[in-house]
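Some notes on the structure that comes next.
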Number of protein chains: 2
Amino acid sequence: MTKTLTIIDIAKLAGVGKSTVSRVLTDDPNVKDSTRKKVQQVIKKSGFVPSKSAQVLGGGNAKVIGIILSRLDSSSENKVISGILDVIYAAGYDALIMEGLFDVKKTKEHLAVLKKRNVDGIILFGFTDCDLTETEKLAHKVVIIAVDNDTVSSVGYDNYGIIEKAMTHIQEQGKQHISYIGVDVKDKTTGLIRLNAYLDCCKLAGITPNFQTGLLNYKSAYDLTDMVLTSETEAIVCASDTLAMGVAKRLQTLGRNDILVSGVGNTELLPFVFPNTFSIDPGYYSVGKTAANLLIQQIRGDRTVTHLTQKVSFPN
Amino acid sequence: MTKTLTIIDIAKLAGVGKSTVSRVLTDDPNVKDSTRKKVQQVIKKSGFVPSKSAQVLGGGNAKVIGIILSRLDSSSENKVISGILDVIYAAGYDALIMEGLFDVKKTKEHLAVLKKRNVDGIILFGFTDCDLTETEKLAHKVVIIAVDNDTVSSVGYDNYGIIEKAMTHIQEQGKQHISYIGVDVKDKTTGLIRLNAYLDCCKLAGITPNFQTGLLNYKSAYDLTDMVLTSETEAIVCASDTLAMGVAKRLQTLGRNDILVSGVGNTELLPFVFPNTFSIDPGYYSVGKTAANLLIQQIRGDRTVTHLTQKVSFPN
DNA sequence: CTGTTAGCGCATTCAG
DNA sequence: CTGAATGCGCTAACAG
């Protein structure tokens with residue numbers, strides 16, 4: 001265990017004062033180029049790595065962004081995270097990722113931990129019943145994804161527009177008998193808003209609504225399919241790709257391959273497995289980038305609480 | 001911006017010395033119960049949160065474990081991570097997660113960052129060409145997943161046993177004409193070892209091998225399917241569920257629904273979409289838990305460099 | 001059991 | 001441009 005080096009060690013090795021070393025570490029311009037070079041040499045040769053904790057304590061900032069997501073194995077959240085990571089790494093931040101599992105209490109604990117660690121900012125994936133009061137104190141250090149709130153910045157999906165787009169696309173193909181499979185309306189965004197979008201589109205187009213809502217898994221969608229199916233059905237719009245997968249499977253089993261199925265999420269697998277499907281991209285990756293950029297701007301004070309909605313992109 | 005509180009503040013509020021506060025923070029038993037209660041009261045009321053950086057610098061440990069994975073959107077890695085998180089959270093650690101993207105340079109950078117942050121330990125998801133020399137210096141603070149190495153602990157999958165199990169299961173059903181779709185043997189574990197397992201099983205059972213290797217995506221598997229298909233083919237073993245998905249799709253298109261397809265990963269979606277398939281579970285979640293436990297034991301000095309292999313569990 | 005005293009490793013004034 | 005001094009918030013001996 002080679003004793004851990006400090007700036008003092010490399011200051012001696014480089015024949016300079018410790019503050020000069022600190023300066024090159026912080027990219028302070030007030031250092032003669034030759035001196036800087038020399039110090040950097042020593043740092044590299046000695047394999048010295050400054051202690052982040054000391055830097056933070058000394059006055060610098062942690063350069064850490066905490067991310068509280070719902071589930072690591074959610075493909076949509078994964079895409080968002082990728083966007084976030086791309087942005088924050090580029091800006092020199094690291095990510096402290098925590099899994100909230102849709103649990104209010106656990107999420108609250110995570111927030112406390114992040115606070116204790118002096119993170120520079122927090123990105124929180126909202127969920128139904130998510131308690132945001134805790135975050136309000138952190139004000140400009142937080143960005144919420146997928147849930148609106150007045151006091152904290154947020155980046156949301158255009159839940160309404162997503163379904164609207166799917167409906168439009170289907171109607172453009174001359175189809176009029178369009179059913180819908182969604183999730184429980186207790187879920188405001190994926191549930192209620194998307195269902196309302198479907199209903200509004202129906203009214204506007206003179207379509208008689210035919211829908212069911214259930215859980216967010218393909219089994220549920222599979223089971224609900226028959227309930228929205230008539231001999232005339234030409235298409236079924238689903239609130240997510242997972243649901244679309246279940247619906248398409250059921251239709252395949254029934255031999256109703258004529259029915260067009262749409263999902264949300266832009267999962268590659270869906271159209272690969274089931275030809276007569278398409279998926280709307282809510283722009284997950286973009287949401288991640290947007291959220292991260294927003295947060296960084298807020299941290300720097302360049303921007304205050306803002307609410308953004310991601311534009312819907314059409315399937316590839 | 002209410003000025004950030006310190007232990008001194010709450011020491012005054014509680015009418016005790018700062019070290020007493022520190023003691024209750026560190027669960028030091030040498031504090032009178034009444035005093036402890038009082039201090040805890042004040043801490044709660046004031047909403048005080050101790051600075052992790054200061055704690056680390058002061059001598060405590062960071063209680064952070066760095067995790068460098070390949071891709072956040074890999075479902076197998078996700079399962080492993082879940083296992084890791086369950087264990088380390090329970091042990092009071094937090095996770096600093098980074099994405100290596102199979103890039104040696106990026107991975108090296110991540111390692112440097114983790115070092116700088118004084119993490120207590122690191123879990124690294126190995127990949128082909130992964131350079132482990134950097135990690136060797138960290139010795140007992142590292143656990144590698146999926147790649148063997150003498151100087152650093154590792155937890156690996158039983159790549160050989162996984163395929164062996166699939167082959168056995170298929171043969172037990174009386175099938176003799178078994179083909180194989182895998183990935184390039186440049187990938188030691190998923191590629192070479194699994195292919196060798198297939199070949200060995202064939203030799204043992206007197207089966208004439210019929211295989212192809214390609215990329216790790218369903219399109220590749222889809223395209224390769226025809227090349228291992230004969231009129232007699234009864235089953236196709238695949239090196240992963242992704243490949244199995246491609247193969248099963250191709251077979252469906254060809255109307256060869258009689259052929260049994262096996263994958264690796266225990267993805268729920270596979271058997272849901274394609275009935276005549278099954279999947280071997282390499283024990284991802286368990287690997288995560290094992291790796292995390294191993295690392296924590298090493299951190300505490302309870303254990304030294306160890307190499308473990310996950311036992312294969314049969315599909316649900 | 002509890003208060004006092006040192007640092008931990010670094011950033012940041014403030015003088016030179 | 002650079003070195004010396006001060007303090008960040010906390011833990012860990014050290015005395016009482």
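First the proteins, then the strands, lettered A, B, ... as listed; each starts at 1.
B:Val16 comes within contact range of the sugar-phosphate backbone alone, with a heavy-atom separation under 4.0 Å but no base atom that close. At a threshold of 4.0 angstrom between heavy atoms, the contacts of B:Thr26 are confined to the sugar-phosphate backbone, with no base atom among them. Among the heavy atoms of the strands lying under 4.0 Å from B:Thr35 are primed sugar atoms or P, OP1, OP2 only; no base atom is included. Note on B:Thr20: only backbone sugar-phosphate atoms sit closer than 4.0 angstrom, heavy atoms only; bases stay farther off.
For the contact set between residues 42-52 of chain B and DNA chain D, defined by any heavy atom under 4.0 Å, the members are B:Phe48, B:Pro50, B:Ser51.
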Output one line per pair: protein atom, nucleotide atom from nucleotides 4-7 of chain D, and distance, for all N/O pairs under 3.5 Å.
residue : atom : partner : partner atom : Å
D:dA4   : N7   : A:Ser19 : OG           : 3.4
D:dA4   : N6   : A:Ser19 : OG           : 3.2

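Exactly one of B:Arg303, B:His307, B:Lys141, B:Gln298 qualifies for a side-chain hydrogen bond (donor to acceptor under 3.5 Å, both in side chains) with B:Ser153. That residue is B:Gln298.
Remark: P of C:dG9 and CZ of B:Arg117 are 17 Å apart, rounded to the nearest angstrom. Rounded to an integer number of Å, the gap from B:Lys37 NZ to C:dT2 C1' is 18 Å. Distance CD1 (B:Ile7) to P (C:dC8): 17 Å, rounded to an integer number of Å. Protein atom NZ of B:Lys115 is 14 Å distant from nucleotide atom P of C:dG9, rounded to whole Å. Spacing between atom CG of A:Asn30 and atom P of C:dA15 amounts to 17 Å, rounded to whole angstrom units. Between the CD1 atom of B:Ile8 and the P atom of D:dC10 there is a distance of 8 Å, given to the nearest Å. What separates CG of B:Asp27 from P of D:dC10 is a distance of 16 Å, to the nearest Å. If you take CG of B:Asp28 and C1' of C:dC1, they are 10 Å apart, rounded to a whole angstrom.
Two residues are said to be in side-chain contact when any heavy atoms from C-beta on lie closer than 4.5 Å; A:Ile81 and A:Leu72 fail this criterion. Counting heavy atoms from C-beta on, the side chains of A:Phe48 and A:Asp9 never come closer than 4.5 Å. Using a 4.5 Å heavy-atom threshold, the side chains of B:Tyr157 and B:Ile145 count as touching. Counting heavy atoms from C-beta outward, B:Leu69 and B:Glu99 have side chains that approach closer than 4.5 Å. Counting only heavy atoms from C-beta outward, the side chains of A:Asn118 and A:Val64 never approach each other to under 4.5 Å.
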Derivation of the side-chain contact (heavy atoms from CB on, under 4.5 Å) call for A:Asp94 and B:Arg117: CA-CA 10 Å; A:Asp94 290 318; B:Arg117 288 196 185 275; 2.8 Å; yes

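The two residues A:Asp187 and A:Thr190 come nearest to each other via the heavy atoms OD1-N, 3.0 Å. Summarising the geometry of A:Leu101 relative to A:Lys106, their closest heavy-atom pair is CD1-NZ, 3.9 Å, with the distance given to 0.1 Å.
Applying the side chain to side chain donor-acceptor pair (under 3.5 Å) definition to pairs two or more places apart or across chains, those involving residues 71-93 of chain A are A:Ser70-A:Glu77, A:Arg71-A:Asp73, A:Ser74-A:Ser76, A:Asp86-A:Tyr285. The list of side chain to side chain donor-acceptor pair (under 3.5 Å) pairs with a residue in residues 38-52 of chain A, not counting sequence neighbours, is empty.
Considering only residues two or more places apart in sequence or on other chains, B:Lys12 meets the salt bridge (charged side-chain N to carboxylate O under 4.0 Å, His left out) condition with none of them.
When distances are taken from the side chain of A:Val31 to each of C:dG3, D:dT11, D:dT2, the shortest belongs to D:dT2.
Nearer to the 5' terminus of DNA chain C, by closest-nucleotide assignment, is the contact made by B:Lys32 (compared with the other of B:Lys32 and B:Ala54).
Within the helix from C:dC1-D:dG16 to C:dG16-D:dC1, the inter-axis angle between the opening and closing five-pair segments is 30°, rounded to 10°.
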